[in-house]
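Here the structure comes first, spelled out in C-alpha cells, and everything after it is commentary.
Just follow the structure's listing: the first ligand is 1, and inside any ligand the first atom is 1.
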Amino acid sequence: MESTNQLAGALLTDLLKQAPALVLTANQTAGRGRGRNQWWATSGAMTFSLVLNAASTGLPVEKQGLTAIVSGLAVARVIRATSSHLDTAIKWPNDVLINQKKVCGILVEQHPASTQTGIIIGVGINVNNSLQAAPREVQVRATSLYDETQQYFDMTQLLVEVLRQFEALQSRVACDAASVLQEVNDHSFLNGRHVAIDAGGREMCGICERIDTDGALVLKTEQGIQRLYGGSVTRW
Ligand code: BTN
C-alpha cells in the first residue's frame with residue numbers, strides 16, 4: 001500500500017460509517033509526512049491511520065487541535081512503559097524522540113465527508129526496522145526502537161497499547177486538558193530551548209516556554225510572547 005492516510009482519505013465516507021476505524025499496513029511504500037515531506041518505512045516499521053468521526057470524539061472544536069500532541073503522548077507513554085531506560089521526549093508539534101532522534105511521526109488530517117468531518121490520524125513508528133537501511137538524511141535524524149534497544153517488539157501488543165493510551169487520553173482531554181498538557185510539558189523536548197520555527201514562511205525565534213492547553217507553542221521572543229498553532233521547528 002502506498003500510504004495509509006491516502007487510502008483512509010479515499011475510503012473516508014465508508015470508514016466513517018464504522019468509525020473508529022483503522023487502516024494498517026506492514027508495507028507502506030509512499031508514506032506521507034507533514035508538508036511536502038515523505039515518511040520512510042521498511043519492513044518492521046509500524047504504519048497506521050486511525051479514522052475518527054470529529055463529532056464522536058466528544059471534543060469541542062477548540063480542543064481538536066490537541067489531537068497530534070495527544071497522539072504523541074500516547075506513543076511516548078507506551079515507549080516509556082516498554083523501555084523505561086530510554087530518554088523519550090515529545091517534540092511539538094507531532095514527533096516523538098528517543099535520545100533526541102525521531103522515532104515516531106504523526107500526520108493529522110481533517111476531511112469533510114458528506115455531512116460529517118473525518119479526522120485521520122496517521123502514525124509512523126520505527127519499531128523493529130533499523131535506520132541503517134535508511135537514506136543518509138533520514139539516518140542522521142531518526143532512530144528505531146530496535147536500534148536503541150537491540151530488541152524486537154511484539155507489534156500487535158504495541159499497537160493495542162498505543163490505541164488504548166490514545167483513547168484514555170482523548171477522553172481525559174475532553175474534561176481535563178490541563179492535566180494532559182502538564183504531562184506533555186513534563187516530557188516536552190523544546191521547553192527551555194532556543195528555537196527557530198518556520199510558521200507558514202515566517203521565521204520566529206525565541207525560547208520555548210511551554211505547550212499551552214489549546215496546543216499552542218508559547219514562544220518568548222524579542223517582540224514578546226508569541227503563540228504558534230503550527231509550523232516546522234528548523235533549529236533547536
Ligand atoms: C511527519 O513526521 O512528517 C509525519 C509522518 C507521518 C507518517 C505516517 S505513517 C502512517 C501514515 N500514513 C502516511 O502516509 N503517513 C502517516
Side-chain angles (χ1 to χ4, degrees), residues 1-12 15 19-52 65-76 78-79 88-98 100-111 118-129 131 133-135 137-146 153 155-156 158-163 166 184 188-190 195 197-200 211 215 217 228-234 236:
M1 180 193 307
E2 287 190 356
S3 152
T4 57
N5 266 41
Q6 189 272 331
L7 186 63
L11 301 178
L12 193 59
L15 290 174
L22 197 62
V23 178
L24 173 69
T25 181
N27 184 19
Q28 181 170 261
T29 54
R32 300 200 319 228
R34 293 176 69 236
R36 293 186 180 178
N37 295 340
Q38 295 175 338
W39 181 255
W40 172 87
T42 47
S43 170
M46 185 184 291
T47 49
F48 67 88
S49 300
L50 177 64
V51 178
L52 303 177
L66 291 170
T67 304
I69 209 86
V70 164
S71 308
L73 178 57
V75 173
V78 174
I79 294 175
T88 308
I90 297 162
K91 180 163 164 264
W92 181 95
N94 67 336
D95 296 345
V96 180
L97 311 181
I98 297 178
Q100 309 205 357
K101 285 180 142 189
K102 181 159 167 170
V103 70
C104 166
I106 294 161
L107 175 65
V108 177
E109 297 177 308
Q110 291 227 16
H111 291 279
I119 303 178
I120 300 172
I121 306 168
V123 180
I125 312 175
N126 294 319
V127 181
N128 293 329
N129 53 331
L131 271 287
E137 67 277 12
V138 178
Q139 220 176 83
V140 292
R141 59 183 174 79
T143 191
S144 73
L145 275 167
Y146 174 77
F153 292 78
M155 299 271 269
T156 310
L158 213 68
L159 173 65
V160 168
E161 271 313 306
V162 169
L163 295 174
F166 176 76
V184 169
S188 166
F189 177 70
L190 297 181
V195 299
I197 306 216
D198 176 352
I211 301 160
L217 185 85
L228 304 181
Y229 288 90
S232 296
V233 186
T234 51
W236 59 87

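Asp198 and Ser232 are not linked by any side-chain donor-acceptor pair at a separation below 3.5 angstrom, with hydrogens and angles left out of the test.
Against a heavy-atom cut-off of under 4.0 Å, Ile106 is close to the following atoms of ligand 1: 4 (C).
Considering backbone and side-chain atoms alike, Thr47 places every N or O at 3.5 Å or more from each N or O of ligand 1. Residue Arg34 has at least one nitrogen or oxygen atom sitting less than 3.5 Å from a nitrogen or oxygen atom of ligand 1, judged on distance alone.
Annotation: atom 15 (N) of ligand 1 to nearest protein heavy atom, Arg32 O, 2.8 Å. Counting protein heavy atoms only, atom 2 (O) of ligand 1 is closest to Lys102 NZ, 2.5 Å. If you check which protein heavy atom lies closest to atom 5 (C) of ligand 1, you get Trp39 CE3, 3.6 Å. Protein heavy atom closest to atom 11 (C) of ligand 1, with residue, atom name and distance, is Thr4 OG1, 3.2 Å. Nearest protein neighbour of atom 9 (S) of ligand 1, counting heavy atoms only, is Gln28 NE2, 3.3 Å.
For the pair Thr25 (side chain) and Asn27 (backbone), a donor-acceptor distance under 3.5 Å is present. Judged purely by atom type and a 3.5 angstrom limit, Thr143 has no side-chain atom pairing as donor or acceptor with the backbone of Lys102.
Annotation for Glu2: atom CD does not count as buried by contact number, only 12 or fewer foreign heavy atoms lying within 6.0 Å.
With a heavy-atom cut-off of 4.0 Å, Asn37 does not touch ligand 1 at all.
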